[in-house]
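These numbers come from a predicted model, not from an experiment.
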Amino acid sequence: MRPEPQRLTLLHTNDIHSHFEMMSPVAAVIARSRKEAGEGPVLLLDIGDHMDRAAVETEGTMGQANIDILNLTGYDAVTIGNNEGLTFSQDMLSAAFSGLQCPVVCCNFVETATGKPPHWMKRHAILEKDGIRIGVTGATVAFASFYSLLGWDALDPEQALLEQCRILAPQVDLLFVLSHLGLPADRLLAERLEGVHAILGGHTHHVLEEPLMINGTAVCGAGKFGRFVGRLVFEREDPAAEFRLVTGECLPVDPALIEDSIGPAAATHLRHGREVLQETVAISDRELALDLKGESPFGNLLAQAVRRFTGSQLAIVNTGQLLGPLPEGEITSGMLHGLCPSPINPCTVRLKGRDIRTALEQSLTEEFRSKVIYGYGFRGHYLGSLAVDGLDILYDPGSLPFDSEMVVYVGGDPLEDERDYDVGTLDMFTFRIGYESLASGEDAVFMLPHFLRDLLRIELQRPGSLEECGNKRFKSNQG
């Protein structure tokens, strides 16, 4: 009688982004898949961006809530995404990941000081399930200029993965790459890496209902926010044979599903996070209104905060970073987190006057104010108008877009189109997101790890800041 083939079920998640409301349903789908696998081995992997500091649970616990959920769900290995690597300091990451009960694998992420991975990370891991040797390595997107400010070196992911796959392939029965690099990169890797059975993808939030087979490698992706769990099944006829992919799919996750341990843990972390964020950071004697389609005091306060922090001639920010008005009375850290959740950092750039003028003209149009923005750290909904500090702008509110004969002053002097200006702004704009002319600058200096809410906290504590933000920057030239 022919023996049953040896089988491994691989489950994978990616880009959950601290959607804690989906973690219990995800765990329920995983538990169901484990049950369906019977006595066969199951491997569970996460491809990064599990953490997102826009969530109270993550912000209030500095990622410990995510680690707790990963442990309770029973992951076998994970990699990190840019949300982990760029929004937490080295000490924060060490404190969080030191408590993880499975390996963190990433081969292109090393400490600048040592040239080696941090103590809580490995370049690869060899796992064993029922006698099956499984090699796992990973890579994260190499935002090198940003990582260098936090004490990391982000190495070329393809070269790092080539080296790790050469090491692993002769030693294992199955080889998996955890790629937080995006689908275009995964396609190229599948063509160039040897001996890899599957590339499990993330970062670009792609859903591949069936794996793409490229050069014998299954290229996979399970979307975002815990809406899917990826599932692959590999089989071989006997221990001397090669494993082959039998099935591959994305399992939809019903938000109504419940897993007994994850739901209560998430609720506990939410309570704890809220308690931590109750610290009073300022007291406001007035409400600061917010207008995403025009000028408002809260938008001006954000621009003031960026200009003061960066020490620049002028500052330009978008009001869409703010999710509501700032109330009168006690202002807590949790309130600032809720009103400004995006993990976006300030930066300075050298911009031509004409590029500043273009952005200001665009900000008067409904097209730009109502533009929906996704990704790049933005956790708001709409781009919103521009808020400025260090500028005075005269324009005709009744004129047609781009026909307003706008007059702009910098420190009392007319803005010169060919002159360079030192501008405090947001890292998001350097990716040509939203007001794209703001990405035309040179000599960008990024100020990590400070978030906009950190700058708001500082500005709210500065005497006179609330009076200043009430001063109009955009003024009608019609009297």
| field | H17/R379 under side chain to side chain contact (heavy atoms under 4.5 Å, CB included): CA gap, chis, key distance, verdict | value | CA-CA 11 Å; H17 282 277; R379 300 293 182 264; 3.8 Å; yes

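S94 contributes no side-chain N or O that, together with a main-chain N or O of Q90, makes up a donor-acceptor pair within less than 3.5 Å. With E84 contributing its side chain and G81 its backbone, the two residues share a donor-acceptor pair below 3.5 Å. Side chain of D173 to backbone of I132: no donor-acceptor contact under 3.5 angstrom is found. Between the side chain of T204 and the backbone N or O of L183 there is at least one donor-acceptor pair closer than 3.5 Å. With hydrogens and angles ignored, the 3.5 Å screen pairs a side-chain donor or acceptor of H337 with a backbone N or O of R53.
Using cut-offs of 30° and 60° for the angle between ring planes, the Y75 and H50 rings count as perpendicular.
Ring centroids of H450 and F309 are separated by less than 6.0 Å, placing the two rings close together. Between F234 and F176, the ring centre distance stays below 6.0 Å.
Rounded to the nearest 0.5 angstrom, I214 CD1 and L193 CG are separated by 11.5 Å. Separation of atoms CZ (R453) and CG (L455) is listed at 11.5 Å; rounding is to 0.5 Å.
At most 12 non-hydrogen atoms from other residues, nucleotides or ligands lie less than 6.0 angstrom from CD1 of I258.
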Mind listing the side-chain donor-acceptor pairs of residues 23-34 below 3.5 Å, one per line with the distance, residues two or more places apart or on another chain?
{"residue": "S24", "atom": "OG", "partner": "E259", "partner atom": "N", "Å": "2.7"}
{"residue": "S24", "atom": "OG", "partner": "E259", "partner atom": "O", "Å": "3.2"}
{"residue": "S33", "atom": "OG", "partner": "V29", "partner atom": "O", "Å": "3.0"}
{"residue": "R34", "atom": "NH1", "partner": "T73", "partner atom": "O", "Å": "3.1"}
{"residue": "R34", "atom": "NH2", "partner": "G74", "partner atom": "O", "Å": "3.0"}

